[in-house]
Amino acid sequence: MDPVLLVASIMVSATPILLAAIGEMVVEKSGVLNLGVEGMMIVGAVMGFAIAVTTGSPVLGFLGAAVASAVLSLSFGLLTQYLLSNQVATGLGLTLVGLGLSALIGSNYEGQRAPSLAKLDIPGLGGIPVLGPMLFAHDFVVYLSLALVAAVWAFLKYTRAGLILRAVGEDHESAHALGYKVVRVRMLAIAFGGACAGLGGAYVSLVRVPQWTEGMTAGAGWIALAIVVFASWRPLGVLIGAYLFGGVSVIQLNLQAAGTTVPVELLSMSPYLITIIVLVIISARGAHGAPGSLGRPFHAAS
Amino acid sequence: MKRRTLLASAAALSLAAGAAFAQDVPKIGFVYVGPVNDGGWSQHHHESAMKMKEHFGDAIELIEQESVPEGADAERVLTQMALSGADLIFTTSFGYMDPTINVAAKFPDVKFEHATGYKTAENVSVYSARFYEGRAITGYLAGAMTETNKIGYIASFPIPEVIRGINSSYIHAKQANPDVEIAVVWISTWFDPAKEADATQALLDQGADVVLAHTDSTAPLAVLEKAGAYGFGQAADMAEYKPEPRLSSIIDDWAPYYIERVQAVIDGSWESVNTWDGIGAGMVGIGEFTGPIPDDVVATVTQMKEDIAAGDYHPFTGPLNKQDGSAWLAEGEVADDGTLAGMDFYVEGVTGSIPN
């Protein structure tokens, strides 16, 4: 088995869930539980594909996907933050709307081909033997996803705005009492989460598959949600979780293709086993890391 | 969540059909495992159903439900369909077998037709196509076209239909190329474009340059096109990938069967049957040969197709051994339908093991 090709495949396979999960993590850090990741991803997938096919530019496709999914997520924000609807139910509704809407928009794009996204040729780095083709011969979205993880980490840890976002997520009453605009912060976080999910979806339809088929994200959004919990709401954990999930599924397929005798069933369930073990350890320690106000509705009393 | 989209689409369909609503018109139901525009398996069942509807016009009422998961959900959907007055229900995926049998026992007056299964009852027929005849053609082409001597096979579930396809592909790839190896990847789904694409990529990474798929979407062809490798249309022609990477295709044509069976319901002559037709009867079609296939190879597979259609050649003709080396078919002996219907072993030369 060629480790160079394997690592390259893992990076491609992990990128959509990494993008969706890092966005959702920010949303949950602000205290909002948006279960509509799957719906936002599939809308991103269809919008990205449609725009890329129409304009011939995959970059515009990714931009359009991010905008479309952010707009869709704001409908969730409007319902949950201003009209105080139940977040779980609204999030599930968002998924259903996304799946239906994408099927409607996508019906004209079945069987079409997407313009291919050029691999970024980084001068110098790409020429390094082994590491070059392994790590430095991808398209820009792979690097964007990694840069986003680093940016989110730095934002939450070192910036004042990141501190406010965390404060809003931990205790929205106190944050409100201090004069922070709880709803506004949450709306921005929701839009960011939507844009990330849209990018992730577009990566599936423009790079990983590359075509539009109804229902093509096939549950990737739910895996992204699980990864946020797995990561205990930490950016590095999200990165590890996404690469673990992507990695195990790719390695599993490669082991089969290479004709090894490791049981398929064992490999397929390993990421879920690891998630359960991590969750047990976390709850045994008593510190699960979930934001204090996660999923609770906020209504300013005064 | 897919359940909701299908309910919505079923509601839309029944609204559309509402205009032609009449009390004593036979109501024909179809249940699909994927969306009706998956570009493959479910789409071809749907299109065949539409041809059937066109044939009968207002003499029947058609109801369809797409993206129905195999298992408990299927039983609920079938019960719902039977309760809503369906007279004949086609369940078009292997995994609907037990739900179909269970629901059929509760509704003895409703007739069922289950695709690709093996359990029948007084009111349950089974029908399937001899896809392995088509696999002989595509397998031979794969063997002839591979340059790395390694072909890949994306398999869904370890059921006899899929195993027959793998064996038939390998046997005929080997006829074209004695050095050929086959790598099989099991992905436990009929429809998941991302997973199908990942499996295709894994096979390419492991050195395969022709990939046969036994799943429903066109994702493998999209990946093969990017990589400059070859593949085949599965269940549908997948003509949008002509002339390359698609070299040919196995096309399912269910329409004549559907028309015949619905006619039997209208005439009151419906009986439980077990139908298994192939290239000869037209249930399995072979798509146009495209791409850089050498002329002599085209001639060979065209001849093979005619021989299979005429019954002069059976894709499982001895001498053939099982994977463990034990004898299966003697020289000139052909496999009987019973063994084929329950096939649970690889033939000699296929590596790996079949998952449980």
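For clarity, every value in this text was computed on a predicted model and none was experimentally measured. Naming convention: chains lettered A, B, ... in sequence-line order (proteins, then strands); numbering from 1 in each chain. Only heavy atoms go into these numbers, but all of them, side chains included; no hydrogens, no water, no symmetry mates.
With a 4.5 Å cut-off on non-hydrogen atoms, B:Tyr241 touches chain A through its backbone and its side chain both. In this structure, chain B has no heavy atom under 4.5 Å from any part of A:Ser116. Looking at B:Thr218, the atoms closer than 4.5 Å to chain A (heavy atoms on both sides) sit in the backbone and in the side chain alike. For B:Val185, the parts lying under 4.5 angstrom from a heavy atom of chain A are both the backbone and the side chain. For B:Glu225, the part lying near chain A is the side chain, with the backbone staying farther off; criterion is any non-hydrogen pair under 4.5 Å. Contacts of B:Ile154 with chain A are absent, with no heavy-atom separation under 4.5 Å from either backbone or side chain.
A distance of 10.5 Å separates OG in A:Ser13 from CD in B:Gln201, rounded to the nearest 0.5 Å. We find the CD-CG distance between B:Gln206 and A:Leu6 to be 8.0 Å, quoted to the nearest 0.5 Å.
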Inset, instruction - Using the side chain to side chain contact (heavy atoms under 4.5 Å, CB included) rule, take A:Val209 and B:Val223 through it: C-alpha gap first, then chi angles, then the decisive distance, then the call. - result: CA-CA 6 Å; A:Val209 175; B:Val223 174; 5.6 Å; no
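Heavy-atom neighbours of B:Gln80 CD from other residues, nucleotides or ligands within 6.0 Å: at or below the threshold of 12.
No donor-acceptor pair under 3.5 Å is formed between the side chain of A:Glu214 and the backbone N or O of B:Asn37. In this structure a side-chain-to-backbone donor-acceptor pair under 3.5 Å is present from B:Lys226 to A:Val207.
Note: B:Ala219 leads B:Gly352, B:Ala219, B:Ser217, B:Ala183 in heavy-atom pairs under 4.5 Å with chain A. With respect to chain B, the highest number of heavy-atom pairs below 4.5 Å among A:Arg208, A:Gln112, A:Met216 belongs to A:Arg208.
Electrostatic pairing of B:Glu240 and A:Arg113 does not count as a salt bridge here, judged by no charged N lying under 4.0 Å from a carboxylate O.
With hydrogens and angles left out, the side-chain atoms of A:Ser9 and B:Asp198 include no donor and acceptor closer than 3.5 Å.
Closest heavy-atom contact between B:Lys150 and A:Ala257: NZ-O, 3.6 Å.
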